[in-house]
Number of protein chains: 2
Amino acid sequence: MSVGIRHDDLRRRNRAMVIAAVRRAGQPSRTEIAATTGLSHSTISAISSDLIGEGILTESKPSEAGSLKRGRPQVGLGLNPEAAAVMTVVLSLNFLSVAVIDYAGQVIAEEQRRLDTLTMPRDALVGECVAIVRRRLEDPDLDVRSVARIALAIQGITDTRARAMLWSPITPHTDIAFADILEGEFGIPATMENDCNMMAIALRWRDPQRYRDDFIAILLSHGIGMGLVLKGELFTGTHSSGGEFGHMIHRPNGALCRCGRRGCVEAYAGNYAIWRNARQMSEDAEPVADVSDADMRALATAARERDGPEREAYRKAGEALGYGLGSLFALIDPAPVAMVGVSAAAFDLIEPALREAIAQTAGGQHSKSISFDTEPNELPLIREGCAMRALTFVDQEIFAPGTQTRSGLGGKNVA
Amino acid sequence: MSVGIRHDDLRRRNRAMVIAAVRRAGQPSRTEIAATTGLSHSTISAISSDLIGEGILTESKPSEAGSLKRGRPQVGLGLNPEAAAVMTVVLSLNFLSVAVIDYAGQVIAEEQRRLDTLTMPRDALVGECVAIVRRRLEDPDLDVRSVARIALAIQGITDTRARAMLWSPITPHTDIAFADILEGEFGIPATMENDCNMMAIALRWRDPQRYRDDFIAILLSHGIGMGLVLKGELFTGTHSSGGEFGHMIHRPNGALCRCGRRGCVEAYAGNYAIWRNARQMSEDAEPVADVSDADMRALATAARERDGPEREAYRKAGEALGYGLGSLFALIDPAPVAMVGVSAAAFDLIEPALREAIAQTAGGQHSKSISFDTEPNELPLIREGCAMRALTFVDQEIFAPGTQTRSGLGGKNVA
DNA sequence: TCTATTTTTTCGAGCCTCGAAAAAATACTG
DNA sequence: CAGTATTTTTTCGAGGCTCGAAAAAATAGA
């Protein structure tokens with residue numbers, strides 16, 4: 001069960017803490033680090049001297065040009081971009097994109113590719129992923145010997161251990177152990193992440209003020225996904241990536257969902273559902289495979305112009321999202337929400353019904369104070385999230401290694 | 001933000017770990033403790049010698065009568081019952097009960113009282129609680145100078161910090177800071193806990209095999225409550241005790257709930273809802289204040305005898321619970337469920353519809369493998385949970401004190 | 001150039017855990 | 001019944017880590 005703290009863990013954890021402080025703060029001085037970590041100046045001095053010696057951190061002389069203060073000027077510590085690199089692989093509908101990122105977080109190489117993910121055979125899909133990674137790794141223009149971690153994100157359900165995709169709407173194939181495949185191929189540790197979880201992580205790094213300990217990222221796209229951070233930690237299911245907000249039941253025995261079941265939130269709020277309602281098709285109509293972003297934008301425009309089936313479709317979407325959030329907020333208490341994806345651009349059409357619905361629920365007691373943010377473009381968020389995920393892994397497991405993660409704090413999902 | 005580990009924390013945490021190991025295992029030897037904690041024998045020896053010296057642990061000579069093994073016999077370590085005592089206060093509908101428990105977990109005194117909680121003025125309710133605690137504390141037959149902690153449980157919503165009751169169905173009054181009141185009155189640290197959370201904690205201590213890291217306790221009583229343990233930790237909302245499973249929305253705009261809203265799970269599965277449906281009253285009918293356990297049992301008997309409105313009422317309850325669990329399992333993945341409370345005795349009437357409903361949901365994919373346990377009597381569970389809650393507090397915060405819980409691991413809800 | 005001020009490093013003290021060896025306590029063996 | 005094997009527990013020195021205080025370093029103002 002829970003495990004004691006050994007003496008050697010101490011240094012390891014405090015090293016990790018110093019690295020984390022630098023990654024968060026950018027260019028903090030040793031004094032600032034001492035303040036945020038609560039450790040003594042001597043300890044910080046010793047640890048950072050080690051880290052600089054190992055090439056993980058660097059000193060960056062002039063922290064601020066206008067140094068008005070009296071005494072010895074602070075010298076900022078920064079991450080050494082050359083200490084390592086990580087790679088992100090984002091696999092979405094008909095689209096594959098990779099990036100190589102240096103240790104300081106800058107993108108140093110990219111490649112993107114269109115694929116027909118819905119019809120590709122299993123081997124071809126895996127093969128494309130392996131090939132694109134290989135091309136980046138073998139790029140002679142780039143010194144990427146030091147790629148220390150690969151983070152792969154996909155729409156759909158992954159397992160808690162971040163090894164495999166269990167199910168995804170972008171391909172008919174299931175249970176692909178991408179992480180193991182890439183590790184086997186390149187000998188680089190890899191993880192298989194859920195796209196919405198990566199969005200949540202990215203939001204936290206982008207705007208730590210707003211998205212700190214408790215917040216929700218909801219992907220409004222062809223399907224409905226969610227990434228949830230509670231008490232500062234990424235929330236996942238116990239077996240799967242979990243957080244399948246889109247498949248909470250909105251109306252028992254209701255509209256047909258892409259998952260084959262009935263009445264899911266997604267069956268009212270996913271792009272295909274909005275499309276189906278806007279075209280006044282039956283709720284039993286088979287969900288279409290994909291609706292283009294352009295079509296969705298046209299739908300939104302029409303809904304804004306006149307009161308018709310399009311507007312009603314968005315209203316229904318808002319209602320489903322509102323009741324779904326209400327149920328969620330009954331469990332976890334309300335928190336700020338970020339709406340991401342194409343339909344987030346139509347949030348003006350969704351919001352009224354959403355707020356009305358949520359006000360009918362226990363979780364929506366203070367519905368007016370629940371704030372919504374919108375971000376129409378999910379891909380950059382997912383990429384950033386993957387990058388931070390991979391980088392913090394390097395921070396913790398490679399540059400602050402130790403008594404190899406015994407059971408204890410191993411699987412913490414610090415966002 | 002997250003704080004470094006100081007050198008003095010080390011001993012503190014390892015002390016806490018040893019105490020916890022003893023509480024879990026009962027009479028473990030030093031060697032067993034070393035094995036479960038992963039610490040060295042020397043460390044365990046040093047720490048347990050301290051703890052014995054301080055009167056927290058005791059050695060209990062003959063661990064097993066039939067010691068067949070060869071070498072030096074193990075000497076068991078146990079909790080010293082006199083090291084401290086705690087008090088539990090359980091406030092439920094028309095009923096108030098307290099118990100004094102020694103450090104080893106044995107009840108050493110009890111008192112119970114009937115009250116008319118629904119109509120009592122606020123001051124009287126608080127006054128009764130204070131008075132009953134005072135009577136136990138001042139009991140001359142008992143040496144209870146050393147009560148180190150009071151845990152108070154109530155049906156309803158409490159705040160995350162476990163200081164106050166925010167709302168409860170047993171009284172019209174809201175926002176009563178019971179924990180602060182008792183602390184102020186007696187100078188003993190107190191907490192205000194949610195009843196269902198205590199049930200979950202108790203289940204974990206009763207049957208750690210079955211209820212280990214992930215499970216759900218659902219109270220089927222006048223209202224519907226839930227206690228949830230995820231990844232070994234009690235799950236609570238971010239502001240409130242959270243986990244208001246009973247107020248997830250089952251049918252938008254559906255049956256009238258006791259909370260004044262419509263379509264909550266509870267509005268179909270709470271005793272009043274089953275009663276309302278069994279009597280073929282309108283779903284809009286005002287929920288009755290209370291249905292006696294005897295009446296509920298009569299209802300169940302009738303439902304078992306013939307196919308009529310009673311049976312249909314239980315079917316509807318099962319359906320609501322099933323869809324609710326389905327939505328919950330979409331978020332957290334399926335886990336074992338314990339059904340507690342009067343209506344758990346009628347689970348045979350509820351289960352078929354519940355399983356049918358859950359099979360319609362994404363979370364119920366493997367619905368057959370989800371196991372349900374029943375326990376008709378919630379009160380003993382709540383009491384035990386409070387006792388363990390209070391005792392583990394004493395273990396950690398009083399007998400392993402240190403750098404006073406800075407932000408870091410402060411609020412962990414280890415069940 | 002000297003002084004005040006702030007940051008960073010150095011150094012010894014005090015703990016803590018660990019491993020190895022010793023001590024303690026029992027069962028087996030002839 | 002004495003001696004040996006075995007297992008548990010304690011003891012002891014070594015090695016690490018963090019801390020506080022003091023020293024050193026680096027700058028702005030006078």
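Only heavy atoms go into these numbers, but all of them, side chains included; no hydrogens, no water, no symmetry mates. Proteins come first, then strands; the chains are lettered A, B, ... in the order of their sequence lines, and each starts at number 1.
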### Message
How many whole angstroms separate atom CZ of A:R15 from atom P of D:dC17?
### Response
10 Å

### Query
Are B:E384 and B:R204 within salt-bridge range, i.e. N to O under 4.0 Å?
no

### Query
Is the shortest side-chain N/O distance from A:N14 to OP1 or OP2 of D:dT18 below 4.0 Å?
yes

### Exceeds 12 heavy-atom contacts within 6.0 angstrom, atom CZ of A:R210
yes

### Task
List in chain and number order the residues that pass ring-ring contact (aromatic ring centres under 6.0 Å, His included) with A:H7, two or more places apart in sequence or in another chain; answer none if no residue qualifies.
B:H7

### Task
Any chance you could measure B:D9, atom CG, to A:L10, atom CG, to the nearest 0.5 Å?
8.5 Å

### Message
Could you tell me how far apart A:D8 (CG) and C:dG19 (C1') are, to the nearest whole angstrom?
### Response
12 Å

For nucleotides 12-14 of chain C, give me every protein contact, N/O to N/O, under 3.5 Å, one pair per line with atom names.
from	atom 1	to	atom 2	distance (Å)
C:dG14	N2	B:H7	ND1	3.2

### Message
I need a per-nucleotide contact map over nucleotides 1-10 of chain D, read 5' to 3'. Cutoff is protein heavy atoms under 4.0 Å; write B for the base, S for backbone only, - otherwise.
### Response
----BBBBBB

### Message
Please tell me if A:R6 has a side-chain N or O lying less than 4.0 Å from either OP1 or OP2 of C:dC18.
### Response
yes

### Task
Please list, chain by chain and in numerical order, all residues satisfying salt bridge (Lys or Arg N to Asp or Glu O under 4.0 Å) with B:R23, sequence neighbours excluded.
B:D395

### Message
For C:dC18 and B:T43 - does any side-chain N or O of the residue sit under 4.0 Å from the phosphate oxygens OP1/OP2?
### Response
yes

## Note on the structure
Whole-Å distance, A:R11 CZ to C:dT17 C1', equals 16 Å

## Note on the structure
For B:R11, the salt bridge (Lys or Arg N to Asp or Glu O under 4.0 Å) test, sequence neighbours excluded, returns B:D50

### Atom-pair distance (CZ on A:R12; P on C:dT17), nearest Å
17 Å

### Message
Between the side chains of B:E54 and B:R15, is the shortest nitrogen-to-carboxylate-oxygen separation below 4.0 Å, so that they form an ion pair?
### Response
yes

### Task
Not counting sequence neighbours, which residues clear ring-ring contact (aromatic ring centres under 6.0 Å, His included) with B:F399? List them please.
B:Y103

